[in-house]
Amino acid sequence: MHIDLSSKVALVTGGGRDIGKAIACRLAEAGAAVIINYNASKEEADATAASIRSRGGQAIAIQADVTKADEASRLVREGVAACGGSLDILVNNAGGLLARKKLNEMDESFWDAVMAVNLKSVFLVTQAALVHMKTGGAIINVSSLAARDGGGGGSVAYATAKGGVLTMTRGLAKELASRGIRVNCVSPGLINTTFHDTFTPDAVRKMVASRTAVGREGASEDVANAVGFLASEAAAYINGESVEINGGLYFI
């Protein structure tokens, strides 16, 4: 399917590597000017933006901690100013497990940190972005299979936050419909990323991949292709939905 996002401006949080990088590149390939947000991954974000520009696309990288209201607002303000004054597509991709901890191993600060990066960030960036988003805009949030099945061991906080993303998606889809803005999400399962390199043992990954109907882990590009579709006019009648990207591991 050919997706045309020419003249569109897109913001991707956590866009420097893995799924965020693939999303940024897919949107740019379709013609969008892309604002790539990063927090600590400057080298990766700069490289992603440079790669897009080397292929004739438009991209800039902007540092911001999207768990903080003032930085989320600055990110949107600077990105929009650099790309023509408006915003068409927002992808709330920033997030992470931080660590695997059971409930009795967590303290309040850990819980708050997981909620901030995975859920609060979606609230803050979306609120800032809506000031600049036009009719016909699209918001795509990145939830997780964990929102459906509770996640793997030690991921209660992460699964809870991603469940919140799924619910927020549906609430915002209703709230923003009158403005002509669609809100959907993607919910990846086991995707071959730094996330699982860091937090999931190889034996567990092989076991989960073997239980997946298609017999493999997903790739970041599998997620990016779905995001590109949801951002486009091809998905004009899709609103408040979650696209489950898990290779048939889990059915709803």
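Position 1 is the first residue of the sequence; numbering continues from there. All heavy atoms count here, side chains included; hydrogens, waters and symmetry mates do not.
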**Q** Hey, does Glu244 have a side-chain heavy atom less than 4.5 Å from the side chain of Pro188?
**A** no
**Q** Among Val227, Ile19, Asn37, which residue meets the side chain to side chain contact (heavy atoms under 4.5 Å, CB included) test with Val91?
**A**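 Result: among Val227, Ile19, Asn37, Val227 is the only option passing the side chain to side chain contact (heavy atoms under 4.5 Å, CB included) with Val91.
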**Q** Distance check, rounded to the nearest 0.5 Å: Ile139 atom CD1 versus Arg182 atom CZ?
**A** 10.5 Å
**Q** Mind listing the closest non-hydrogen atom pair of Leu124 and Ala69 along with its distance?
**A**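 Reported closest heavy-atom pair: CD1-N, 3.6 Å.
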**Q** Go through it in stages, so that I can follow the logic: the residues are Glu71 and Val66, the test is side-chain contact (heavy atoms from CB on, under 4.5 Å), and I'd like the CA-CA distance, side-chain angles, deciding distance and then a yes or no.
**A** CA-CA 6 Å; Glu71 295 204 29; Val66 292; over 6 Å; no
**Q** Between CD of Glu29 and CD1 of Ile52, what distance do you get to the nearest 0.5 Å?
**A** 10.0 Å
**Q** How close do Leu27 and Ala231 get, heavy atom to heavy atom, and via which atoms?
**A**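 Heavy atoms of Leu27 and Ala231 come nearest at CD2-CB, 4.2 Å.
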**Q** At their closest point, which heavy atom of Met133 faces which heavy atom of Arg179, and how far apart are they?
**A** O-NH2, 3.2 Å
**Q** Taking only Lys NZ, Arg NE, NH1 and NH2, and the carboxylate oxygens of Asp or Glu, determine whether Glu44 and Lys21 approach each other closer than 4.0 Å.
**A** no
**Q** For the pair Asp70 and Arg74, find out whether any cationic side-chain nitrogen is under 4.0 Å from an anionic carboxylate oxygen.
**A** no
**Q** Any idea which heavy atoms bring Ala64 and Leu75 closest together, and the distance?
**A**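 Looking at all heavy atoms of both residues, the shortest contact is CB-CB, 3.8 Å.
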**Q** Ion pair present between Asp107 and Lys101, side-chain N to carboxylate O less than 4.0 angstrom?
**A**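 Here Asp107 does not pair with Lys101 in a salt bridge, since their nearest N and O are not under 4.0 Å apart.
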**Q** Which heavy atom of Gly151 sits nearest to which heavy atom of Ala159, and what is that distance?
**A** N-CB, 4.2 Å
**Q** Do you know the tightest heavy-atom contact between Val208 and Thr212?
**A**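 Smallest heavy-atom distance, with atoms named: O-OG1, 2.9 Å.
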**Q** Do the side-chain N and O atoms of Asn141 and Asn92 include a donor-acceptor pair separated by under 3.5 angstrom?
**A** yes
